[in-house]
Amino acid sequence: MYLEDEPTLECYRLSHQPRPEYAPVFICPFVVLTDDDGQMYNAMRGIQGQSKNETMNMGVYRLDGQLDAQCPVLFPYAENPITERYHVTETPDAVSYVGQTWRFDFGVENYRWVDGSGRLDISARRLGQVCTFWVPQQEGYEYPQMLRSHLGKATGTLDGRPVEGLFMLDYIYSRPDAMWTEMGMLTKLHNVWLNWLVEYEDGGYEGGYAWRGRPGTDFAAAHHVVDGVSSARSDAEVTTQHTERGSVTKVDLALGKDSSLSLEQAGSTDWPLHTCGTVSSTSSDRVIAKSWNYTEFFPLNWSAVADYQAAHHKLYGRYPSFARLMKNGRVENQLLVFE
């Protein structure tokens with residue numbers, strides 16, 4: 001784990017090589033937003049998610065308080081396709097990735113994301129430094145793993161209504177020939193990953209991300225930002241609580257002995273993987289004014305699901321419906337099982 005110097009535009013190009021023979025294999029911004037009524041929304045989109053030439057639209061959702069089922073998709077996929085080709089342009093201030101219904105404009109510290117043919121239009125400002133974890137190629141890891149993460153505060157509009165919240169932008173690197181889905185991050189390294197942002201009544205803020213690796217990895221990376229000061233850490237301790245079906249309801253995070261917080265989940269987007277919510281408490285004595293969190297949980301046998309999805313695509317030329325695939329599933333002892 002380490003903090004980076006101030007980035008340049010080069011850091012946002014597809015040609016960026018943070019280390020020799022490394023290249024971006026997945027570029028993924030995501031947001032958790034609230035409107036003036038407190039209604040919560042989530043959006044995520046990834047460049048090179050399942051193909052080097054396409055983006056993967058993982059949906060724009062309206063959280064409904066349900067944890068054991070997927071919440072409603074706000075933008076129909078008929079209007080906002082799951083996959084789209086894209087092209088890249090550049091100005092002196094930003095590297096832009098542009099599709100038919102969306103665009104990203106990534107600057108050094110300011111970002112813009114338009115999606116749903118303009119229904120979602122947000123800008124974000126980076127908070128703290130870019131923070132990176134790196135797992136070199138080694139026994140058990142055919143592909144190296146690197147993730148450069150950017151935390152930000154988002155403001156903008158959704159269907160014309162003002163929204164604000166948590167913005168994250170992740171650049172994932174490995175060998176140039178690798179796909180993100182085959183490099184092993186989801187099947188060898190990752191178990192639970194959380195992101196949060198708190199605004200305090202005194203005008204300050206706190207946020208970051210933390211990981212709990214798969215059993216036996218001792219992976220405990222974290223980035224903690226308090227009022228603009230970043231810390232790269234490797235002492236995250238993450239514990240989770242679950243519903244009877246296995247959905248994450250609460251996450252407790254301890255960063256060593258000096259900082260802790262609790263995340264309450266308000267809804268599930270693509271069960272059982274992603275939940276969104278708020279920060280219910282921190283170890284600080286400051287008063288929370290607003291907060292957001294995004295939590296990702298991958299069952300330990302997720303490789304079986306990935307293998308099935310790949311086989312389905314090879315046979316039929318398309319991926320299976322995720323919601324139908326998960327309909328009769330539940331999580332027991334961190335393993336996905338089906339009736």
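All values below come from the heavy atoms of this structure, side chains included, with hydrogens, waters and symmetry mates left out. This is a predicted model, so every value here is computed, not measured.
Taking the six-membered ring where the residue is Trp, His224 and Trp196 present tilted rings, their angle falling between 30° and 60°. Below 30°, between 30° and 60°, or above 60°: for Trp302 and Phe322 the angle between ring planes is between 30° and 60°, a tilted geometry.
Here Phe133 and Tyr2 keep their ring centres 6.0 angstrom or further from each other. Aromatic rings from Tyr61 and Tyr41 are positioned such that their centres are separated by 6.0 Å or more.
Thr275 and Gln265 are linked by a side-chain donor-acceptor pair at a separation below 3.5 angstrom, with hydrogens and angles left out of the test. For the residue pair Asp121 and Thr157, no side-chain donor N or O sits within less than 3.5 Å of a side-chain acceptor on the partner. Residues His274 and Glu296 bring a donor and an acceptor atom of their side chains to less than 3.5 Å of each other. A donor-acceptor contact closer than 3.5 angstrom links the side chains of Thr55 and Arg45. In summary, the side chains of Tyr86 and Glu54 do not present any donor paired with an acceptor at a separation below 3.5 Å, with no hydrogens or angles considered.
With respect to Asn301, the side chain to side chain contact (heavy atoms under 4.5 Å, CB included) criterion is satisfied by exactly one of Val331, Leu336, Thr187: Leu336. Among the candidates Tyr97, Phe30, Trp113, the single residue satisfying the ring-ring contact (aromatic ring centres under 6.0 Å, His included) test with Phe104 is Trp113.
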Is there a side chain to side chain contact (heavy atoms under 4.5 Å, CB included) between Leu9 and Glu90? Walk through the geometry before answering. CA-CA 9 Å; Leu9 279 188; Glu90 189 169 330; 4.1 Å; yes
For the pair Asp105 and Tyr111, evaluate side chain to side chain contact (heavy atoms under 4.5 Å, CB included) and give the outcome as yes or no after the intermediate values. CA-CA 6 Å; Asp105 300 301; Tyr111 318 102; over 6 Å; no
Identify every side-chain donor-acceptor pair in residues 143-151 under 3.5 Å, counting partners at least two apart or on other chains, and give the distances.
residue: Gln145; atom: OE1; partner: Met185; partner atom: N; Å: 3.3
residue: Gln145; atom: NE2; partner: Tyr143; partner atom: O; Å: 3.2
residue: Gln145; atom: NE2; partner: Met183; partner atom: O; Å: 2.5
residue: Arg148; atom: NE; partner: Glu4; partner atom: OE1; Å: 3.2
residue: Arg148; atom: NE; partner: Glu4; partner atom: OE2; Å: 2.8
residue: Arg148; atom: NH1; partner: Tyr173; partner atom: OH; Å: 3.2
residue: Arg148; atom: NH2; partner: Glu4; partner atom: OE1; Å: 3.1
residue: Ser149; atom: OG; partner: Asp170; partner atom: OD1; Å: 2.8
residue: His150; atom: ND1; partner: Leu169; partner atom: O; Å: 2.8
residue: His150; atom: NE2; partner: Tyr12; partner atom: OH; Å: 3.4

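Applying the ring pair (Phe, Tyr, Trp, His ring centres under 6.0 Å) rule to Tyr316 yields the partners His312; only residues at least two apart in sequence or on another chain are considered.
The pair Asp115-Arg103 does not count as a salt bridge, with every side-chain nitrogen at least 4.0 angstrom from each carboxylate oxygen.
A distance-only check finds no donor-acceptor pair linking the side chain of Arg62 to the backbone of Pro72 [under 3.5 Å].
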